[in-house]
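Heads up: the structure comes next, in structure tokens.
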Amino acid sequence: MKISQAINFFFHCPALKKTPTIFEYVMQGVFIHFDDNNEDIQDAMMVTLKHASAFDAKKVLTHATSARQKMKNTAKCEYLIEYCQERLE
């Protein structure tokens with residue numbers, strides 16, 4: 001779970017705006033673990049995705065909407081979608 005703390009910091013780096021492909025790549029990995037069977041991992045990824053939404057809520061929303069269809073448990077993803085929508089209002 002320490003890696004999620006590093007990723008959280010990463011999402012607040014100003015240099016990330018210059019390399020949006022890295023953001024996309026990291027997001028894909030985070031969403032894979034967001035659907036993990038372990039709830040502690042899901043919760044850590046939720047925190048990470050909230051940090052990511054501070055960087056680009058629209059991209060997180062797009063990823064969440066797409067990922068929801070593939071997930072085993074959609075409740076946390078639906079919460080994330082609502083969270084991102086509120087950030088965009």
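Side chains included, hydrogens not; waters and symmetry mates left out as well; all remaining heavy atoms used.
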To the nearest 0.5 Å, how far apart are [atom1] in [X] and [atom2] in [Y]?
X: T48; Y: I41; atom1: OG1; atom2: CD1; answer: 11.5 Å
X: I81; Y: L49; atom1: CD1; atom2: CG; answer: 11.0 Å
X: M46; Y: Y83; atom1: CE; atom2: OH; answer: 9.5 Å

Exercise. Given the rule in the side-chain contact (heavy atoms from CB on, under 4.5 Å) test, do V60 and K50 qualify, once you have shown the distances and angles that lead to the verdict?
Worked result: CA-CA 9 Å; V60 175; K50 285 181 174 181; over 6 Å; no

Problem set entry | Selection residues 61-71 - residue pairs positive for salt bridge (charged side-chain N to carboxylate O under 4.0 Å, His left out), sequence neighbours left out |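 Residue pairs passing salt bridge (charged side-chain N to carboxylate O under 4.0 Å, His left out), neighbours aside: none found.
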
Problem set entry | Sequence neighbours excluded, every pair satisfying side chain to side chain donor-acceptor pair (under 3.5 Å) that has a member inside residues 20-32 |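 Pairs touching residues 20-32 that pass the test: E24-H63.
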
Exercise. Can you check side-chain contact (heavy atoms from CB on, under 4.5 Å) on V26 and V30, steps first, answer last?
Worked result: CA-CA 6 Å; V26 172; V30 171; 4.2 Å; yes

For this session: Go through the structure and list residues passing ring-ring contact (aromatic ring centres under 6.0 Å, His included) with F23, not counting sequence neighbours.
Result: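 Here the qualifying residues are F11, F55.
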
Problem set entry | Sidechain-backbone polar pair: Q42 side chain, F34 backbone, donor-acceptor under 3.5 Å |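 The answer is no, because no donor-acceptor pair under 3.5 Å joins these two groups.
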
Exercise. When you measure from the side chain of N73 to the backbone N and O of D35, does any donor-acceptor pair fall under 3.5 Å?
Worked result: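 Here the side-chain-to-backbone pair does not exist.
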
Problem set entry | Worked verdict on F31 versus M45 for side-chain contact (heavy atoms from CB on, under 4.5 Å) | CA-CA 8 Å; F31 269 100; M45 294 304 104; over 6 Å; no

Problem set entry | Closest heavy-atom pair and its distance - L61, C84 |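 That would be CB-CB, 3.9 Å.
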
Exercise. Charged N to carboxylate O under 4.0 angstrom, R87 versus E82?
Worked result: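 A salt bridge is absent here (no side-chain N lies under 4.0 Å from a carboxylate O).
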
